[in-house]
There are 2 protein chains.
Amino acid sequence: MSEPSYRRMDVDERRAQLLERGAELFTSHRYDELSMNKIATEVGISKALLYHYFPSKQAFFEETLSAWAERLRVRTEPDPNLPPVEQLTASLDAFLGLVEENSGAYRNLIQSATAVAEIRDLVEEVRRATAERILSGLYPAGAPPKARTAVSGWLWFMDGACLNWIEHRDIEREELRDLLLGVLMGSLIATGSPPELPQVS
Amino acid sequence: MSEPSYRRMDVDERRAQLLERGAELFTSHRYDELSMNKIATEVGISKALLYHYFPSKQAFFEETLSAWAERLRVRTEPDPNLPPVEQLTASLDAFLGLVEENSGAYRNLIQSATAVAEIRDLVEEVRRATAERILSGLYPAGAPPKARTAVSGWLWFMDGACLNWIEHRDIEREELRDLLLGVLMGSLIATGSPPELPQVS
DNA sequence: TACGGTGTTGACCGTCGGTCAATAAGCACC
DNA sequence: GGTGCTTATTGACCGACGGTCAACACCGTA
């Protein structure tokens with residue numbers, strides 16, 4: 001007589017579909033540009049169903065990006081066999097590569113990252129953890145306060161420089177990487193307590 | 001018979017009142033924490049009257065902070081008679097002083113600064129103008145791209161370091177100032193095109 | 001005391017994130 | 001091929017948001 005007005009899907013299948021489409025949408029639009037209604041319409045379901053699978057917009061956002069976060073974590077994971085500075089260089093290279101490949105998504109993230117309180121907290125947490133990783137790598141015996149301030153600021157520097165890089169694209173990736181490295185080392189020297197590193201041959 | 005249900009005020013008087021109370025509210029709460037309804041209730045008027053005096057929430061926000069922006073501009077205005085680095089030092093000192101005196105307001109600004117698209121654009125414009133001022137002071141003949149990237153990143157560094165400073169308060173203002181100066185100079189040296197400065201005696 | 005200009009308001013709009021009882025898809029069984 | 005059951009899915013609703021508008025009422029003036 002009449003065809004069904006909606007299609008019933010297996011829970012896991014539906015969930016996977018929502019996560020996939022969500023990742024597409026959230027990497028191509030800012031967080032605050034997308035309403036749950038728009039997302040649902042885009043996917044072809046009702047907003048209520050979206051809320052049936054995810055408790056809130058923020059939770060949905062986080063889950064869609066968890067695959068990305070994992071990719072970032074893996075690609076920037078430092079190799080503990082390398083000396084500290086080379087670990088940093090490699091991580092930075094990987095990070096900049098990811099940013100370059102997905103500049104639009106990165107810009108949207110950083111901007112909406114700060115565009116919404118919950119997302120801001122999320123990014124701040126990532127920054128805090130990254131700072132910790134860097135500090136414990138460079139100051140195994142414990143980092144002085146000024147070094148912490150310097151690294152914390154440097155992470156902001158990195159985002160600012162990356163946004164500028166994406167916008168203008170007038171320097172090479174290697175140049176940016178060396179600039180960032182130089183700034184980090186320069187800042188730590190400026191604290192008066194530079195890390196003790198094995199001499200570069 | 002019955003007392004008036006509202007008080008009629010002179011336009012200028014009302015406007016001044018709204019700006020004053022608005023500044024109080026916006027420096028003690030984040031942009032997204034305050035609704036136009038709350039503001040109106042707080043002042044004791046209707047939301048519609050708020051919109052009679054200001055075209056939008058964003059415009060109201062900007063106008064309430066214009067006095068602040070002016071104060072910032074005046075206090076950080078560099079003295080053109082001083083050498084470039086001392087201009088920077090003095091501006092930085094003034095800036096950090098303002099931040100220290102109004103740390104809550106600063107944190108709210110930077111956070112809500114980024115909390116809403118329009119405000120983010122506003123802060124980015126301030127950053128852009130500041131970068132321009134610094135670059136033209138250090139590179140009168142024109143700044144190379146890497147220097148622009150470095151200064152742009154450094155302004156983010158400054159905000160990041162200031163937030164960290166406010167949060168922890170574990171270093172002195174002079175230390176932070178010197179750290180910031182050192183990082184800026186260090187970054188410019190790291191670009192490979194340091195500014196040509198008169199030698200410090 | 002009546003007038004009128006204008007400062008001020010309540011009621012309304014569309015959209016937001018979020019909730020809930022009611023509905024219907026589609027499999028299992030007869 | 002019908003019938004029932006599980007449960008995936010939905011329309012309708014909520015309070016709050018930024019924003020708009022015609023109508024109202026305060027108060028100086030004549």
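Chain A is the first sequence line, chain B the second, and so forth, proteins listed ahead of strands; every chain is numbered from 1. Every heavy atom of this structure was used, including side-chain atoms; hydrogens, water molecules and symmetry mates were not.
Rounded to whole angstrom, the span from the CG atom of A:Leu49 across to the C1' atom of C:dG18 amounts to 14 Å. Look at NE2 on A:His52: it is 18 Å from P on C:dT23, rounded to the nearest Å. In this structure, the NZ atom of A:Lys57 is 15 Å from the P atom of C:dT15, given to the nearest Å. When the P atom of C:dT9 is taken as reference, atom CE of B:Met9 falls 11 Å away, rounded to whole Å. Computed from coordinates, the B:Asp32 CG to C:dC16 P distance equals 18 Å when rounded to whole Å. Taking atom CG on A:Leu34 and atom C1' on C:dT15, their separation rounds to 14 Å, with Å as the unit. Rounding to whole angstrom units, CG of residue A:Asp10 and P of C:dG26 are separated by 13 Å.
Atom NE2 of residue A:His168 and atom CZ of residue B:Arg148 lie 4.0 Å apart, to the nearest 0.5 angstrom.
Where the helix from C:dT1-D:dA30 to C:dC30-D:dG1 starts and where it ends, the local axes point in directions that differ by 30°; five pairs per end, rounded to 10°.
Minimum interatomic distance between A:Pro194 and A:Tyr139 (heavy atoms only, all atoms of both residues): C-OH, 3.8 Å. Here the shortest heavy-atom pairing between B:Ala143 and B:Leu135 reads CB-CD2, 3.7 Å. Between B:Pro84 and B:Leu138, the shortest heavy-atom contact is CB-CD2, 4.0 Å.
Side-chain N/O atoms of B:Arg8 and base N/O atoms of C:dT6 include a donor-acceptor pair closer than 3.5 Å.
Each of C:dG17, C:dA25, C:dG18 was ranked by its minimum atom distance to the side chain of A:Tyr6; first place goes to C:dA25.
Nucleic acid contact class of B:Tyr53 (heavy atoms, under 4.0 Å, all strands): sugar-phosphate only.
Within a heavy-atom distance below 4.0 Å of DNA chain C, the residues of residues 36-48 of chain B found are B:Ile45, B:Ser46, B:Ala48.
Residues A:Glu70 and A:Arg73 are paired through a salt bridge, judged by an N-O separation under 4.0 Å between the basic side chain and the carboxylate. A salt bridge does not link B:Glu13 with B:Arg8: every distance from a Lys NZ or Arg NE/NH1/NH2 to an Asp or Glu carboxylate oxygen is 4.0 Å or more.
Distances shown here put a side-chain N or O of A:Tyr51 below 4.0 Å from the OP1 or OP2 atom of C:dG18. Of the side-chain N and O atoms in A:Ser5, one or more sit less than 4.0 angstrom from OP1 or OP2 of C:dA25.
Between A:Phe54 and A:Phe60, the ring planes are tilted. Angles from 30° to 60° get that label.
Side-chain atoms of A:Ser152 never come within 3.5 Å of backbone atoms of B:Ala161 as a donor-acceptor pair (strictly under, hydrogens ignored). Here the side chain of B:Glu86 pairs no donor or acceptor atom with the backbone of B:Pro83 at under 3.5 angstrom. For the pair B:Thr191 (side chain) and B:Leu188 (backbone), a donor-acceptor distance under 3.5 Å is present. Using a distance-only test at 3.5 Å, with no hydrogens or angles considered, a donor-acceptor pair links the side chain of B:Trp154 to the main chain of B:Leu180.
Side-chain atoms of A:Tyr31 and A:Gln58, non-hydrogen and from C-beta on, do get closer than 4.5 Å to each other.
Looking at which nucleotide of DNA chain D each of A:Arg14 and B:Glu33 is closest to, the 5′-most match is held by A:Arg14.
Running 5' to 3' along DNA chain D, contacts with non-hydrogen atoms of chain A at under 4.0 Å begin and end at D:dT6 to D:dG11.
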